[in-house]
Amino acid sequence: MEALPEDEEYSFREVVLPSLIPVVQEPELERESGERRRGRDVIVAVDHGPNSKHAFDWALVHFCRLADTLHLVHAVSSSFSLQCVKNDVVYETSQALMEKLAIEAYQVAMVKSVARVVEGDAGKVICKEAEKVKPAAVILGTRGRSLVRSVLQGSVSEYCFHNCKSAPVIIVPGKEAGDESIVDWTRSEDPKP
């Protein structure tokens, strides 16, 4: 994959998130530094796959903190059709996913979310978003390919790792490589001896 030229633009469409999330005043944290008090921007690349959800859950539990802003970025391949971002079916499907994730982000970590659907090669547009937003980190999951296959075919996470210059990239391994689920809402009984 080649890096996008500096002056090349890409198509995007802002996602309108629900107004169910109440506006909360930022907490008064006397001991905290200015950066922590005003919050950080964090980009999480999302799609409809389980590894993407796992990376999102990981970001909420291990990285995000109060007053951060979570930028949900869903990259849609432009190979589907021309003007894919303008397609209402694609937009509505992405909007439903991002609304669900935004509500979960607020419930779990009390962070606000901003969502955007971008069109183009996923790795390239995620790096362009990072250049635009200047986040504290870019968090994304893996597709679950083997090492040999990802080296031969390439992957979005590998591309972002090598080409994203404006923020550190955190690649969260898929579920099969670690925990079943990071956010566990069910309470199981203690095992009996």
Side-chain angles (χ1 to χ4, degrees), residues 1 10 12 14-15 17 21 39-77 90 93-151 153-186:
M1 289 186 224
Y10 58 98
F12 66 89
E14 298 290 336
V15 176
L17 295 174
I21 300 171
R40 307 168 296 175
D41 292 315
V42 179
I43 290 180
V44 178
V46 297
D47 61 17
H48 296 281
N51 291 337
S52 171
K53 176 68 167 92
H54 185 70
F56 171 80
D57 290 342
W58 185 91
L60 291 182
V61 172
H62 296 289
F63 195 80
C64 290
R65 55 190 181 201
L66 201 61
D68 283 352
T69 300
L70 202 60
H71 294 264
L72 303 172
V73 177
H74 182 185
V76 180
S77 175
V90 172
T93 304
S94 298
Q95 181 181 21
L97 169 71
M98 292 188 182
E99 283 178 359
K100 182 179 136 199
L101 294 176
I103 291 170
E104 184 177 342
Y106 182 76
Q107 290 173 341
V108 172
M110 292 188 69
V111 294
K112 67 179 181 176
S113 300
V114 176
R116 180 179 270 197
V117 179
V118 292
E119 182 178 0
D121 185 40
K124 292 177 184 177
V125 295
I126 290 169
C127 290
K128 287 296 271 186
E129 280 292 305
E131 288 175 20
K132 181 178 177 185
V133 174
K134 305 284 189 222
V138 175
I139 301 173
L140 47 123
T142 60
R143 183 172 272 179
R145 293 180 180 163
S146 68
L147 177 63
V148 173
R149 194 171 202 177
S150 67
V151 168
Q153 294 180 335
S155 71
V156 173
S157 57
E158 186 177 327
Y159 179 86
C160 291
F161 179 75
H162 291 292
N163 295 296
C164 187
K165 306 294 184 209
S166 58
V169 176
I170 299 173
I171 301 171
V172 181
K175 281 186 183 182
E176 63 277 352
D179 302 331
E180 263 310 299
S181 178
I182 292 175
V183 179
D184 186 18
W185 295 105
T186 60

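Only heavy atoms go into these numbers, but all of them, side chains included; no hydrogens, no water, no symmetry mates.
Nearest heavy-atom pair, Gly141 versus Ala55, reported as atom, atom and distance to 0.1 Å: N-CB, 3.6 Å. Taking each heavy atom of Val125 and Glu119 in turn, the nearest pair found is CG1-O, 3.4 Å. Scanning all heavy atoms of the two residues, the minimum distance from Cys127 to Cys160 falls at SG-CA, 3.9 Å. Pairing each heavy atom of His54 with each of Gly174, the nearest pair is CD2-C, 4.1 Å. Lys53 and Asp57 make their closest contact through NZ-OD1, 2.6 Å (heavy atoms, listed as atom of the first residue, atom of the second, distance). Taking every heavy atom of both residues into account, Val156 and Ile126 meet most closely at CG1-CD1, 4.0 Å.
With values rounded to the nearest 0.5 angstrom, Lys124 atom NZ is found 15.5 Å from Glu129 atom CD. Rounding to the nearest 0.5 Å places NZ of Lys128 at 12.0 Å from CG of Asn163. Note: Asp41 CG to Asp68 CG = 8.0 Å, rounded to the nearest 0.5 Å. Atom CG of Leu72 sits about 11.0 Å away from atom OG of Ser94, to the nearest 0.5 Å. Interatomic distance, Leu60 CG to Leu70 CG, rounded to the nearest 0.5 Å: 6.0 Å. Atom CD of residue Glu104 and atom NZ of residue Lys100 lie 7.0 Å apart, to the nearest 0.5 angstrom.
Shown here are the side-chain contact (heavy atoms from CB on, under 4.5 Å) partners of Ala130, two or more places apart in sequence or in another chain: Ile43, Pro135, Val138, Cys164, Ser166.
Atom CZ of Phe161 sits in a sparse spot, with 12 or fewer heavy atoms from other residues, nucleotides or ligands closer than 6.0 Å.
Counting only heavy atoms from C-beta outward, the side chains of Arg40 and Arg65 approach each other to under 4.5 Å.
Under the 30°/60° scheme for interplanar angles, the aromatic rings of His74 and His48 are found to stand perpendicular.
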